[in-house]
There are 2 protein chains.
Amino acid sequence: MTRQPTIEDVARTAGVSKGLVSLALNGRPGVAQETRKRIDAAVAELGWRPSANARGLATKRAYSLGFIVRRDPITFQADPFFASFLAGVESVLAERDQVLVLSVVPDVEREFEAYRRLTSDRRVDGFLITDLLQDDPRVRLVADLGQRAVTLGRPDSESPFPAIVRDYDAGIDELLTHLAELGHRRVAHVAGDERMQHATTRLTRHLEVAARLGLQTIVEHTDFSPESGAAATHRLLDRSERPTAIVYANDPMAIAGIAVAHERGLTLPRDLSITGMDGSDTGRFVYPALTTLDNDPVGWGRAAATALLSYIENGDGDDVTLPAAALILRSSTAPPGSPG
Amino acid sequence: MTRQPTIEDVARTAGVSKGLVSLALNGRPGVAQETRKRIDAAVAELGWRPSANARGLATKRAYSLGFIVRRDPITFQADPFFASFLAGVESVLAERDQVLVLSVVPDVEREFEAYRRLTSDRRVDGFLITDLLQDDPRVRLVADLGQRAVTLGRPDSESPFPAIVRDYDAGIDELLTHLAELGHRRVAHVAGDERMQHATTRLTRHLEVAARLGLQTIVEHTDFSPESGAAATHRLLDRSERPTAIVYANDPMAIAGIAVAHERGLTLPRDLSITGMDGSDTGRFVYPALTTLDNDPVGWGRAAATALLSYIENGDGDDVTLPAAALILRSSTAPPGSPG
DNA sequence: GTTGTCTTTTGAACCGGTTTAAGAAAGTGC
DNA sequence: GCACTTTCTTAAACCGGTTCAAAAGACAAC
């Protein structure tokens, strides 16, 4: 374990000054071709890589992005979205020699603290903001801190940051059309946490499309947790006029809903059709396998990281639109009352 | 958004040299009480926080821990363990002004690259290593890189690093005793990926205890994914002599197993008792709610981060033993053939 | 008043990069 | 052969901390 080489070592083996090495490696003009080659050779020979600390100190950058996840212990339980999202983020960061700094915090206080700390310690050059709330205070906070960010989804309030957006409308269209074609007329929507932006946009769209298709909608509100999804399912199944199909705003709730239906002795999908949303693999392994709307979390990750980096580097950035969410048909939907 | 204050600013307002500020703030002896107070006041007034980059450059530290997760797209899907584990890690890092650098990578090559890159860029002071494999190559790699680490579990091969361990044996004891007392005699074990350390230790223990209790054990091997858990369940239920209870090496497989049982028209837990392991909340929301072995992932996170930091600071560290895993009784177990 | 000891503070060097003004070398024109 | 450009390279300053040898001050003893 010998000392790692520094730029000084590279300069020495290439027989030039360290300033020139820096110029050459950052692709600055005005370095002779031949010299550039000698420097590259020296770098390769020594296996030199710049110290992120030293470079960051000089350039006032962290070469890191921050991602703060509030793990409201009830709601959050290991949303399948995150692992894939992070893989997408990493794939672009690795290419650019950048890094992701992650904080998982239990409550809003700690969350705000984390934003402040990562900023004041100059740990990150920008933040990825997911799970937007109505009038999300994080947007204000991050803007006030003078930090950069991108948001997954477009905030309802004023935001100086680029937004990554995906069209869910078309998918919800497909989903409800599918149910309507199967013959369902009474379709419930188990909405997510009202404070979350995507919960309400999904509900709104459901209501619009249902109206257009002549479907009756019953709405239940939840906090996105499987627990509350289960409770909502009980309420729906206790009604005198039961829905014949239930659309859940995410997969974990839909899975909990399936369990409730089993518990109550229903045969799925004959007695009840169920769909998720924000599709994940998990839904493939429950019985019956869950019909859902795909959400390509890796795509979200790649897009968000790319947009944030270019926003940081150029000081401006445009919104990015991802391909529309598509319906994944599995086996949790069927005509109402169809033979088991 | 004015420039953030530097230590020089603090020195000026306190009327001392910047060297002294540094000494005072790092609690070095030989600074007059009165001066120390003036410096603290200046820090508070300006809201100064040290630049992690500058400090790291001077001390050759990153004040960051690295955590690399290989998201073998098949196996990994959002293991509920991670969110809680990370929350535990964060809780100790936040107190110490340190930070977690996370990489989620798709394959072993990228994984090794990530260890190398984080090391050569001096991004982290050490690594958290989870999901130990048999003769895990990461231990060698990290040691060869001259990095520090702690492992979750004790590697079977030579390791220079402190290990965090939890006794599962007692829990498996409890679990099997519970099944035996219910009257089960043929108990299957759906083991995890054989290459993973904890998969085989759990299996080994199961076999020992089952022998002691006079239980017959049928073993199926999997890769820990729900998909393979489902397949294993089918194989078990296709046998002429079916097991009356199945112990799965993790919760996601157990949940998939429940779905398979439903699909085949079994009534749970009457026709089949099912238990998980590595307990998570998810198991509460399936039907029937899953009996499992608790695993306090937050505790793992706190212990791992604490141990790694002190190993980094002191250059040596002892293994840490967590409280034994305990049985969580829910409703997926019952006497065999008991009335639904 | 001098000397010595102990405590407190300063100033400069250093960590490993980037940036820029100034210097050296090479090329051009006459 | 000399002056003038243009191209390439160096040296030094800088980023914001830490560290340490040496200076300064305070105090006691003689």
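Naming: A, B, ... by sequence-line order, numbering from 1 per chain.
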Solution key, residues 149-157 of chain B side-chain donor-acceptor pairs under 3.5 Å, sequence neighbours excluded:
{"unit_1": "B:T151", "atom_1": "OG1", "unit_2": "B:G153", "atom_2": "O", "d": "2.8"}
{"unit_1": "B:R154", "atom_1": "NE", "unit_2": "B:D319", "atom_2": "OD2", "d": "3.2"}
{"unit_1": "B:R154", "atom_1": "NH2", "unit_2": "B:D319", "atom_2": "OD2", "d": "3.2"}
{"unit_1": "B:D156", "atom_1": "OD1", "unit_2": "B:D135", "atom_2": "N", "d": "2.8"}
{"unit_1": "B:D156", "atom_1": "OD2", "unit_2": "B:D135", "atom_2": "N", "d": "3.1"}
{"unit_1": "B:D156", "atom_1": "OD2", "unit_2": "B:Q197", "atom_2": "NE2", "d": "3.4"}

* **Residues in ring-ring contact (aromatic ring centres under 6.0 Å, His included) contact with A:Y115, at least two apart in sequence or another chain** => A:F127

* Asked: Just how large is the angle between the end axes of the helix from C:dG1-D:dC30 to C:dC30-D:dG1, five pairs per end, to 10 degrees?
  -> 60°

* To do: Would you jot down, in residue-number order, the residues of residues 24-31 of chain A having a non-hydrogen atom under 4.0 Å from DNA chain C?
  => A:N26, A:R28

* What are the residues of residues 45-60 of chain B, sorted by number, that bring a heavy atom to within less than 4.0 Å of DNA chain C? -> B:L57, B:A58, B:K60

* For A:E34, salt bridge (Lys or Arg N to Asp or Glu O under 4.0 Å) partners two or more places apart ->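 Testing A:E34 for salt bridge (Lys or Arg N to Asp or Glu O under 4.0 Å), a comparison that skips the adjacent residues, returns A:R38.
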
* Asked: What residues form a salt bridge (Lys or Arg N to Asp or Glu O under 4.0 Å) with B:E45, not counting sequence neighbours?
  -> none

* To do: Only pairs at least two apart or in different chains count here, so list each ring-ring contact (aromatic ring centres under 6.0 Å, His included) that has a residue in residues 83-113 of chain A.
  => A:F67-A:F85, A:F81-A:F85

* Asked: With sequence neighbours left out, which residue pairs that include part of residues 16-58 of chain A fulfil the ring-ring contact (aromatic ring centres under 6.0 Å, His included) condition?
  -> none

* Asked: First and last nucleotide of DNA chain D touching chain A, 5' to 3', heavy-atom cut-off 4.0 Å?
  ->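 With heavy atoms of chain A under 4.0 Å away, the range is D:dC8 to D:dG17.
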
* side-chain contact (heavy atoms from CB on, under 4.5 Å) against A:D318, all qualifying residues, sequence neighbours excluded -> none

* To do: Compute whether any side-chain donor of one residue and acceptor of the other, for A:T321 and A:R166, lie under 3.5 angstrom apart.
  =>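 No, A:R166 and A:T321 have no side-chain donor paired with an acceptor closer than 3.5 Å.
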
* Asked: Going by the side-chain hydrogen bond (donor to acceptor under 3.5 Å, both in side chains) test, which pairs reach into residues 50-64 of chain A, not counting sequence neighbours?
  ->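 Sorted result for residues 50-64 of chain A: A:T59-A:Y63, A:R61-A:D125, A:S64-B:R123.
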
